[in-house]
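Naming convention: chains lettered A, B, ... in sequence-line order (proteins, then strands); numbering from 1 in each chain.
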Amino acid sequence: MPEVLEVELTRRGVARLVGRTVVEIEVTDPLVVQEGVDATLPGSTIAGLDRHGKQLVVLTDGPTVGVHLGMTGRILVDDQSAIGELARDLSERSTSSLRQARVSAAPQAPHPKQRHDHMGRLRLIGGSRSDHHRWDRWVLRLDDGTRVRFHDPRRLGRVVLDPDVGRLGPDVLTLRRCDLAAALSGRRAPLKAVLLDQHALAGLGNMLVDEVLWWCGIDPRRPAGGLTDAEVTLLHLTIRRRLGVMLRRGGSHTGALSPANRGPGARCPRDGDELARTVIGGRTTVWCRTHQR
DNA sequence: GCCCTTGTTACGCC
DNA sequence: AGGCGTAACAAGGG
C-alpha cells in the first residue's frame, strides 16, 4: 500500500534515471495510462523527479508526466524494485532474496503461490514477484537500454500528462504547523477523514493516519476543527517525527501499528488493551480506546 | 461465492 | 455552494 513514504523512496530510487532519454514504450494499459502519454514521451529526456503527496512527477524536456502508484503500483528498473524489497518483514528477508535471485534467473518458471502473513494479509505489493510481467501496465525503454516498468496488479495506479498538483493540500513530509492548523480549521468531519483528504493534506493514507494518531493519543473520531492549539502542535510534531523515522526504516509498514499489529484481535503496543476497529471516513480504522482521547 | 482491502473520484444529500 | 458520507472502481485473496 504505497503511501507518501513509498512514493518518496520510489522517487529516490529512480533518481539515477535523470538525464536518460525515453526511446520507446513497449507496453501500455489504456486504463492506467492516459491517452497521449505514449505519443508525446518518446524522444524526451528526463530532467528531474518531483513529488507532491503521493503524486510522483516526472519532469522532462517534453511533457510532464504524473505517476500515481494507486494501491498496488510499483516501479521496477531492470527488474529491480525502485524501493528495494523493503516491504517485507525482517524474518523473511534472507529466504526472499534467495527466491528472488532464483526467479530472476528463470523468468519462465511458474510463479510460486502468494505468501501471506499469519493475519492473512497479502504479504507485499507484488513482493519480489518482479517476474510477473502480466501485471506490467507501462514499460519504457531508455537510451542506455534500461527498462522501466510500472507494475500494478489491481490497476488503480495512473499515469497522466501534466498532473494537477495544485488541487492537493500541503505535502505532509514538509508540513509546517500553520499548514496543518489551516487544513483542520473549521472542519467538522472526523479528524481521520480530514487527514485522509488529499485536498486538505497530501500524502497520508489509511495506515499512516492510524499510526500518527496512535502516537499522539488522539481519538480519530473527534471533529478535526475541535483540536486544541496544543494538540495541533503535538499532531504536527508527531507527523514530522514518525514519518521521518519510518522513512529511514523503509516505509509505512515499519510503525507501531504495522500490518501484523492491525489485524482483528491485535493489542495496543503501549498498554496491551485490545485495539478498536471502527470505520471512519469509509476506511477501517485501528485505534486504542484507552489512550487515544 | 461473498466480502474484504486500498486511493481516488463521482455523486447524493443537507 | 460546499462540506460530508457513501459507493464505485479493480482484482486478488480469505
Side-chain angles (χ1 to χ4, degrees), chain A residues 1-8 10 29-34 51-56 66-75 87 110-129 132-138 150-160 163-169 171-172 182-211 220-226 251-253 255 257-266 277-286:
Chain A
M1 332 134 219
E3 300 190 32
V4 68
L5 304 181
E6 284 70 29
V7 181
E8 175 60 16
T10 296
D29 178 344
L31 178 73
V32 173
V33 182
Q34 185 186 61
R51 181 196 56 76
H52 195 98
K54 304 174 195 173
Q55 181 73 60
L56 188 63
V67 176
H68 198 295
L69 301 178
M71 180 174 154
T72 54
R74 51 206 297 254
I75 291 178
H111 68 270
K113 216 165 158 44
Q114 289 279 3
R115 291 160 297 133
H116 325 98
D117 59 21
H118 64 100
M119 304 308 301
R121 241 168 316 79
L122 186 63
R123 160 73 57 202
L124 265 198
I125 324 157
S128 59
R129 308 221 123 43
H132 285 191
H133 286 268
R134 68 181 166 122
W135 288 326
D136 287 352
R137 308 300 174 188
W138 199 46
F150 184 77
H151 179 95
D152 183 15
R154 298 192 191 176
R155 302 170 85 200
L156 286 176
R158 291 294 179 263
V159 178
V160 301
D164 185 8
V165 296
R167 293 175 53 234
L168 296 171
D171 181 74
V172 78
L184 302 179
S185 153
R187 302 287 301 264
R188 278 183 293 189
L191 176 59
K192 164 143 181 182
V194 174
L195 295 178
L196 277 177
D197 179 358
Q198 304 298 300
H199 304 294
L201 206 61
L204 297 180
N206 197 35
M207 278 178 47
L208 283 181
V209 169
D210 287 356
E211 175 77 19
R221 302 168 300 175
R222 286 176 55 190
S252 307
H253 59 291
L257 298 187
S258 64
N261 276 337
R262 287 180 59 89
R277 297 174 70 82
T278 314
V279 174
I280 303 171
R283 296 294 167 221
T284 298
T285 302
V286 177

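- For A:Arg222, the side chain to side chain contact (heavy atoms under 4.5 Å, CB included) test picks out A:Ile218, A:Asp219, A:Leu227, A:Glu231, with sequence neighbours left out.
- Taking the salt bridge (charged side-chain N to carboxylate O under 4.0 Å, His left out) definition, one finds that A:Arg283 meets it with nothing, sequence neighbours left out.
- Qualifying salt bridge (charged side-chain N to carboxylate O under 4.0 Å, His left out) partners for A:Arg158, counting only residues two or more places apart in sequence or in other chains: none.
- Here A:Pro163 pairs with A:Gln55, A:Val57, A:Thr64, A:Val160 under the side chain to side chain contact (heavy atoms under 4.5 Å, CB included) rule; sequence neighbours left out.
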Practice task
Let me have a per-nucleotide readout for nucleotides 5-10 of chain C, 5' to 3', with B, S or -, counting only protein heavy atoms under 4.0 Å.
Solution key: S--BBB
Under 3.5 Å, which protein N or O atoms sit close to an N or O of nucleotides 12-14 of chain B? Give each pair with its distance.
none

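- When the side chain to side chain contact (heavy atoms under 4.5 Å, CB included) test is applied to A:Gln198, the partners found at least two apart in sequence or on another chain are A:Lys54, A:Leu168, A:Ala202.
- A:Gln198 has a side-chain polar atom (N or O) that falls below the 4.0 Å cut-off from OP1 or OP2 of B:dT8.
- Comparing C:dG3, B:dG7, C:dG12 against the side chain of A:Trp135 picks out C:dG12 as the nearest.
- Counting only residues at least two apart or in different chains, salt bridge (charged side-chain N to carboxylate O under 4.0 Å, His left out) contacts with residues 194-203 of chain A comprise A:Arg187-A:Asp197.
- A sub-4.0 Å separation between OP1 or OP2 of C:dA11 and a side-chain N or O of A:Thr72 is absent.
- Evaluation of the side chain to side chain donor-acceptor pair (under 3.5 Å) rule for A:Asp152 yields A:Thr72 as partners, not counting sequence neighbours.
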